[in-house]
Asks: 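There's a structure below that I have some questions on.
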Amino acid sequence: MKTITTLSDLRAARQLLHGSVGLVPTMGYLHEGHLSLIRRAKMECESVVVSIFVNPSQFGANEDLSKYPRDLKRDLNLMEPLGVDLVWNPTAEIVYPAGYQTWVEVESLTRPLEGAIRPAHFRGVTTIVTKLFNAVQPHKAYFGQKDAQQAAVIQQMIRDLNFPIEMEICPTTREADGLAMSSRNQYLQGADRPAAAILFKALSAAKSAYAGGERNAKNLRNIVQETLATEPRVQVQYVSCADYHTLSELDTVRGKSLLSLAVMVGKTRLIDNVTLE
Ligand code: PAF
């Protein structure tokens, strides 16, 4: 496993990779969710590249860029046994050199949900993912279902910009109590951690109602809201029941849909979702 910083070293190492190349883009501080993406890439591609870059342009001014967890040595130890070929860990100066002024933007899909609360977030995500695609030139790229809107936005960008890349969206990995794995879970202090299990309980309660025949989107949102309201440490930012592809809010659930939420648990912001189909 080679760890590379500069773009010229990455390009040289990329040329030496054989066969199909799978890219797993990450911001580091890897958890089992990331490792499951890497394992899947390893099964499906001859060579695997993992990027580790805490991308400043996807963080808002009052967000957690400076305290975002970082531990490259730990990440490398976790990846070594998985057979990763290359790790690209560029600096912010390499990705965004002085005078940088080019951005990639997906329009309507980035407006609701996360985009409504984090206005510049997706512009940062689509720009860095474009740069990663250009630098690594993968055949396949692996993302998690946990960031469902991010996955939809990147899928749209791949189509619109004709990237010859197959995107794989992999299932959310959960802790034993249902909490979706996230590098940000380590911010959860004391009683906030057990309280955070309510997110998946709330989504599961609505999913059970859907399985029992409930198709009214407002009723499904209410089930999520009411379950979340039983946990006083949780403050809801949004609960959505939307079309899976357009992310437009629904009145009635018919095709594949996305039930998603964003909440604060104490000082920690968490998102999660389940699909209805
Ligand atoms: O999902 C993430 O970790 C990030 O948004 C990504 C895709 C690596 C871009 O920085």
Side-chain angles (χ1 to χ4, degrees), residues 4 7 10 22-38 40-41 48-60 63-72 74-75 78-79 84 86-96 100 102-106 109-110 113-115 117-136 138 140-158 161 163 165-174 180-187 260 262 268-273:
I4 284 167
L7 193 50
L10 174 71
L23 169 66
V24 182
T26 82
M27 297 208 297
Y29 213 74
L30 304 183
H31 51 67
E32 190 48 41
H34 295 113
L35 303 185
S36 73
L37 302 185
I38 295 172
R40 168 103 174 252
V48 173
V49 179
V50 176
S51 61
I52 297 186
F53 179 62
V54 182
N55 175 36
S57 70
Q58 70 187 74
F59 289 77
E63 293 181 1
D64 55 343
L65 174 61
S66 61
K67 67 168 184 159
Y68 195 85
R70 295 162 169 88
D71 191 339
L72 182 62
R74 173 184 170 278
D75 290 343
L78 286 169
M79 281 187 285
V84 171
L86 291 182
V87 178
W88 191 35
N89 176 226
T91 60
E93 291 69 30
I94 289 171
V95 178
Y96 301 112
Y100 187 86
T102 302
W103 302 97
V104 178
E105 258 188 280
V106 171
L109 265 184
T110 63
L113 309 177
E114 289 302 287
I117 292 174
R118 309 179 69 193
H121 173 66
F122 286 117
R123 183 180 93 139
V125 170
T126 43
T127 299
I128 185 61
V129 172
T130 296
K131 292 183 69 105
L132 293 170
F133 285 175
N134 285 337
V136 176
K140 285 186 156 210
Y142 294 81
F143 296 87
Q145 170 65 25
K146 156 136 188 312
D147 295 298
Q149 187 177 13
Q150 168 173 284
V153 166
I154 293 170
Q155 188 84 75
Q156 181 74 39
M157 179 186 85
I158 287 176
L161 297 185
F163 280 111
I165 295 171
E166 218 177 291
M167 177 174 178
E168 297 294 341
I169 304 173
C170 305
T172 303
T173 308
R174 298 184 180 279
M181 289 198 187
S182 162
S183 307
R184 289 187 165 101
N185 289 352
Q186 64 122 28
Y187 300 152
S260 66
T268 307
R269 184 171 191 275
L270 299 176
I271 59 172
D272 200 355
N273 68 81

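Counting starts at 1 for both ligands and their atoms, in listed order. Just the heavy atoms: all of them, side chains too, but no hydrogens, waters or symmetry mates, feed the values below.
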Asks: Is it the case that ligand 1 has an N or O less than 3.5 angstrom from some N or O of Gln58?
Replies: yes
Asks: Considering non-hydrogen atoms of the protein only, which is the closest contact for atom 2 (C) of ligand 1, and what is the distance?
Replies: Gln150 NE2, 3.9 Å
Asks: Going by side-chain hydrogen bond (donor to acceptor under 3.5 Å, both in side chains), name the residues that satisfy it together with Arg184, two or more places apart in sequence or in a different chain.
Replies: Asp64
Asks: Please list, in number order, the atoms of ligand 1 under 4.0 Å from a heavy atom of Pro25.
Replies: 8 (C)
Asks: To the nearest 0.1 Å, how far is atom 3 (O) of ligand 1 from its closest protein heavy atom, and which atom is that?
Replies: Met27 CG, 3.7 Å
Asks: Is there a side-chain contact between Lys131 and Phe53 in this structure, where contact means two heavy atoms from C-beta onward sitting under 4.5 Å apart?
Replies: no
Asks: Quick check: do Val95 and Tyr100 have side-chain heavy atoms less than 4.5 Å from each other?
Replies: no
Asks: Taking heavy atoms and a distance under 4.0 Å, where does Ile154 meet ligand 1: side chain, backbone, both or neither?
Replies: neither
Asks: Apply the side-chain hydrogen bond (donor to acceptor under 3.5 Å, both in side chains) test between Gln145 and each candidate in Asn273, Thr172, Thr173; give the one that qualifies.
Replies: Asn273
Asks: Quick one: side-chain hydrogen bond (donor to acceptor under 3.5 Å, both in side chains) partners of Arg40, sequence neighbours excluded?
Replies: Glu44, Glu168
Asks: List ligand 1 atoms under 4.0 Å from Ile128, heavy atoms only on the residue side.
Replies: 9 (C), 10 (O)
